[in-house]
Amino acid sequence: MSPVLEMNGIVKRFPGVLANDHVDLRVEKGEVHALLGENGAGKSTLMNVLYGMYEADEGDIRFKDQEVHVKGPGDAIALGIGMVHQHFMLVPALTVVENVILGMKDNGRVLDLKAAAEKITALAERYTMKIEPFTLVGQMSVGQQQRLEILKALYRGAELLILDEPTAVLTPQEVKGLFNMIGAFTSEGRTVIFISHKLKEVMAISDRVTVLRSGKVAHTLHTSDTDPKELARLMVGREIDLSCEKFSCADNREVLRMERVCAENEKGMAILKELNLTIREGEILGVAGVDGNGQDELAEVLTGLRRVTSGTITMNEKDITNASCRHILNQGVSHIPADRQLRGMIGDMNVVENLLLMRYHDRPFAKPFHLDWKRIEHRAETLVKEFQVKTPGIKVPMATLSGGNQQKVVLGREIERNPKLLVAMHPVRGLDIGATEYIHKRIIEQRDRGCAILLISTELEEILELSDRIVVMYEGEIMGSVDCSCVTIEQLGLMMAGHRWEEVAGEKSEG
Amino acid sequence: MMEWIFEFIAADLRTMTPILLAALGMAFSERAGSVNIGAEGIMLIGALAGAAGSFLFGSIWAGAFVAMASGALIALLFAYLTVTLYADQIVVGAGLNVLGLGLSTSIARVLFGVNTTPPQLDAYKIVPIPLLEKIPLLGPALFQQKLLVYVAIVLVPIVHFILFRTNMGLKIRAVGEHPQACDTLGINVYRTRYATLIISGVFLGLAGSYVSLGLLSFFTENMISGRGFIALAAVVFGKWKPKGILFAALLFGAGDALQFRLQASGTEIPYQFLLMVPYVLTIAALIGLVGKAKGPAARGKPYLK
Amino acid sequence: MRKSTIDLSKAVSPLLAIFFALLFGGAAIYLLGFNPLAAYASLAKGSVGSIKAVTETIVKAVPLIFTGLGFAVAKRCGMINIGAEGQLYMGGLFATAVGVYWDFLPPGIHLLAALAAGVVGGGMWGALAGWFKVRFGASEIITTIMLNYIASLFISFLVTGPMKEPKGEFPQSSQIAHTAQLPRILPGTRLHLGFIVALLALAFFYYFLWKTASGYEMRVVGMNPEAARYAGMNTAKSSLLAMFMAGGFSGLAGATEILGVQFRLFQNFSPGYGFDGIAVALLGRNTPIGIFLSGLLFGMLRAGANMMQMLAKVPVSVISIMQAFVILFVVGRSFFETRKSRVNILESESESDLEAEVGEGDRV
Amino acid sequence: AGSQEASEEEALKVALALPGPISDNGWSASAYEGLMMIEENYGAEVSYTENVSTSDMEDVFRSYSELGYSIIFGHGSQFTDAIHAVAGDYPDIQFIIINGNSPKAPNIACIQVADDQQGFMMGAVAALLTKTGTIGVIGGVEIPPIKMAVDGYMLGAKYADPNVEVLSTLTGSFDDVAKAKETALAMIGNGADIVGAIANQAGLGSIEGCKERGVMAVGSNQDQNPVAPDTVVVSVVKSIPVLFTFAFEKMAEGSLEPKVYRLGVNEGAVYLSSWHGFEDKVPAEVKAKLETIKDEVGSGTVKTQP
Ligand SMILES: Nc1ncnc2c1ncn2[C@@H]1O[C@H](COP(=O)(O)OP(=O)(O)OP(=O)(O)O)[C@@H](O)[C@H]1O
Ligand SMILES: Nc1ncnc2c1ncn2[C@@H]1O[C@H](COP(=O)(O)OP(=O)(O)OP(=O)(O)O)[C@@H](O)[C@H]1O
Ligand SMILES: [Mg+2]
Ligand SMILES: [Mg+2]
């Protein structure tokens, strides 16, 4: 078989960075080709070159045996290359149909949305997707948005589909759906390039793997000839250890208690329904569930960002129901928010100022009339060192750090306060395995120190690996609270789909 | 009483027209992400250009054309500075207001001379709509207006159609919401912003010419007197939708018309408070009726590839 | 280091921009039938040609610095304050009221009270727009424009009615008491103590935003309100405070103008200082030093403009064109730079330039 | 440099500070006309500054003083404070405040034009020509000359016809022509069939409104008939050039004193323009009546101010 895509000697420089250093990539027709590499290895850059977002400084691209010059995404689309970006490129204020047909060359001057909607529904059905053409994209869950992104590319007749970290925000069920779709797609003789940090997924879906390291190709190999350990070594250059010990903490003091807590979303719909929860000192409570089942609201209610409509929350026997955010923070609550860009950091501020975020009114840093910048900077240096943040300096804007390093800053800031309760949402979303390993280690350290941890994640593996106890949320309710050692992935999956523990407890695990 | 009401409606239609035209134009550019507080300056140049065109070529059509062309030209300058050079939209807008005032006054003096009787210009004329104008009371109020009054009203559904039913409109709205997403789909964000700004310039120029040649038939210094700012408010108040903008413009027109009439009928209220009516109305409308209106998400932000 | 090259381009491009503004302005002057060389000679004479000219430049820069600060402090908290003009009027009104009616106060105290009244008057007007924003979500861009009109009409009402000078004909208030006047710094010129107040305000602006916890809070709210909420900050309070400060600065523009230059309240007593303040702040990139320098630049233009009309017979309308060119060329200054550094300008607009301009040393 | 200064001293240098633009079709335009006349008739070197804001006034007067101008006009009572502040420092310079009322220094003279008489005459014209018995008057910004003229208008109208109804409005602006026009339309809607405006260029809007509705307008300040020949029946001219000439003649005699001079119909500073095309349409008795009223105003037998 001749390759459908050949990228030869691609070089892409950014000021001070050689993002792609003579990269050769060959992708066969009909295969799923995985692209692996640490954060900043140059994967997205390479794909952006292919898709016409960047112009390569050197190198050439052959697609379907033709030398091609992709000057912009328009050219790529015309060639039959589709890309689903790491950060979704959807317009939340527009409907599904509008997003799908946006910018299509063959749209009439006057839009026929009905006809387009029918085409889209038909296309979606072909790939066993369900999509409601006239809902606003802003009201859809991330999983749905992900599907929509793919649909957009399919609608444009993509022969080669680039998926940049498509599973970072998906639930296991959704990942399964995505993989089915990829299967259907490649069985039609079309091709997929798949970027992911999750080695298990890469093993499961891909035919071949190319590993990038520091902008260079480290290796290209057949998936069947390798294993996760080898891939990890190729990426990072050392062995990775992901196992951790678990403790029994049944007798420890209770830190947090939520009783019959209800809350509403912006539209006044009940989003948390009579929630009961407890966490003990030194315990990691994992909250599993499909995104959008009240996990965000749970974290917000706990940290004072959202009002409780009824019920009580007590922490260390003090009532903190509907207390102000500041008051709750002062009780020793730390929060790693789901979206670091949106909430966890200030991109335009430098690292020092970002590290100050929770402490700017605290004694040693805030003098009666001014901030003690000397002390603040000294502390920042220490934290940056302690948390191994890779940054050219402590005074560069946060936005210029890579996602993994941004997350380390957030984590460092939150852990440094020695919290009694740590609410961690998707703490490793989008991070490479090196960074993931590091952050998990630090979270466990906190647990060992006696901190109570609420770990919210859509990654079942992460939950199973770290948690001592697991609750599953579905439509704002808790389906069950189980000990980590006596539950299977299948049971969790069923609970995430809305079955109660009592219903699934009997199911025999298959190992 | 009835007569008074229809007189009032007629006055409302006349006064709201320049605001409506300007605001409809800005609906395009705002939808694509540009905030132009220089609308006042562009209208002022349009007012002068209309008078100059009519003066030099002896026809109102030439006047209207010159007004639209110069509006487009100034808008092009705005586009170049804010889109290509990423300059701050608010400062450029503020700069255009100063430029509009200086340029229109200077050129008017060169063209019409100082301290002379304003020249007799061909101006927009009243175009009665046959039959309809004969309806008692209603006819004279609604159907004996200048051409641009009808044009402005007819443009409301047209602009709505363009923005919400056509491919171009979809692109415009998307560019104002999420330019980067548009870029990944091969839409030229810069070209879209240029195009919408030029369209808005055409509308603003025309609106300006209506002030000099529709409301009046000559140009005087600074004659727009804040209508550009009010138009800007009308876009926000109308939630960036043509129908809403029509409603907002009618409301501002009504505020003005009411205030003239209250004064003319002799009231005890100091006139300054009557003059405040349209402005207070705007604020009241913003805080009472619109609520937390969010404009296009990328509004006011330069787009960097 | 890298820093030095950046500083160079930062310093050169505004100068180039001003040069081109003068060039194009000269072309406009020529096209409109005047002598550009004579015009610029008189501009220079009127703005820097003598001690008196320099002091006039400063006298005009004072309100511009204040209104520039009024725009900048709101911008730092994420709001666009087009309302400096109205806030200036309200500040002037309050200062006049204290200056005229509280003449029983001892000297010194009277002046301080009048200045404070200026802060309160402008601050209230700014906070009103802030309240509309945080309570009802009303766009401050629009409400501040509307409040400008309302303030100016309100003052028109007062000076033709309740505050009109007894027995006076012209619609104006009585003169403020001598004890409330800002003393002149240089005898024989109009340079008054307001200049020192402006310098203090610049220092306060810097100190507050970068050295205090509340200032830090305000900047966080301005850059990422979600993060501010997450950190337990009261974003509404910060926004209100920022708009109060914005109004307070602008109010000081009105207060110093009346207490130092005009001595009584008129309708339309500001020749557009509030609107120029927007340009001053943005040209100065919302930094203290930048605002100071661009305030002086606009002060020069205003002071020189009068002389341009007197000597070169260039009408004021042409001077508006020149001012517009300066604004447009300076904001379009990235024309003189490569695309890459253009992007840098934009991305570093907020934070890092302060360091570049104030110098790293200040932070450590 | 010395010889240059000498030659400069020879030429008479006259400066004028204006509150508005010279193209305002009213107050400032009329003063500009006066200045041009002085340049022509007396060979003076003249200079003017438009749109002088209150914060610039003192600076403008000082600058003119230092530039060697020997006669400096402040065109409006708003210049009073600034001239008072400057005049003491330059005793050799003659300052003249148009419409001022307090010549506090020996080198300050105030020359007033009888705005009230102008308004009175306009009101009389309107009252005598109305058929509906309702007339209108529109003022611009509320400043003394405007207020006096509007008050005079009402008194004049009532004097000519006690039964006439006068609608009066201030628009608060000299710029907003459209607003003045809408105001005129509103008045016409309320029954007025003749409207006068004292609002500088905004007044043009009022005339435009009258033209559109086919009713008559009374012009003000200048002869405004050419603006709308079929609409402006007559204008009551307020001639600033007459004031300037008066000042120059007094100075030539050396008899300009630091006091308030008031010029009106008697001095020819306020007069009725020609009737143009209306010459034959206006009844002779109306013209005669106006002639009488003019004489009464001049002799002071009627009250033109409230
Ligand atoms: N727009 C840009 N401007 C400057 N440098 C960039 C830009 N984008 C990427 N880089 C540089 O190129 C390198 C490669 O980045 P790229 O985004 O391709 O990494 P990646 O492999 O996709 O990482 P991740 O796993 O985090 O998505 C980065 O280390 C960065 O220094
Ligand atoms: N404008 C830029 N200038 C310089 N470097 C940049 C720029 N944008 C991105 N980078 C660099 O690109 C790299 C990856 O950026 P990217 O946006 O892919 O991060 P991310 O996907 O959020 O990170 P992660 O995958 O770790 O979550 C980072 O190393 C960052 O430093
Ligand atoms: Mg990437
Ligand atoms: Mg990434």
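Note that the structure is a prediction, hence the values are computed from the model and not measured.
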Can you sort out the partners of Arg306(A) under salt bridge (Lys or Arg N to Asp or Glu O under 4.0 Å), two or more places apart, ordered by chain and number? Glu266(A), Glu300(A)

Indicate, with yes or no, if the rings of Phe66(C) and Phe249(C) have centres closer together than 6.0 Å. no

Which atoms of Arg375(A) approach chain C - backbone, side chain, both or neither, heavy atom under 4.5 Å: neither

Interface moiety of Ile376(A) toward chain C, non-hydrogen atoms closer than 4.5 Å: neither

Please name the pair of heavy atoms, one in Gln87(C) and one in Gly126(C), separated by the smallest distance, quoted to 0.1 Å. NE2-CA, 3.6 Å

When heavy-atom pairs shorter than 4.5 Å are enumerated against chain C, which of Val352(A), Leu371(A), Val396(A) gives the highest number? Leu371(A)

Taking every heavy-atom pair that is under 4.5 Å apart, which of Asn354(A), Thr303(A), Asp372(A), Leu356(A) has the most such pairs with chain C? Leu356(A)

From the list Tyr206(C), Phe204(C), Trp210(C), Phe205(C), ring pair (Phe, Tyr, Trp, His ring centres under 6.0 Å) with Phe208(C) holds only for Phe204(C)

Please name all residues satisfying salt bridge (Lys or Arg N to Asp or Glu O under 4.0 Å) with Glu58(A), sequence neighbours left out, ordered by chain then number. Arg13(A)

Check whether Leu329(A) gets within reach of chain C through its side chain, its backbone, both or neither, counting any heavy atom under 4.5 Å. side chain

So which of Lys367(A), Met345(A), His378(A), His361(A) has the biggest tally of heavy-atom pairs under 4.5 Å with chain C? Met345(A)

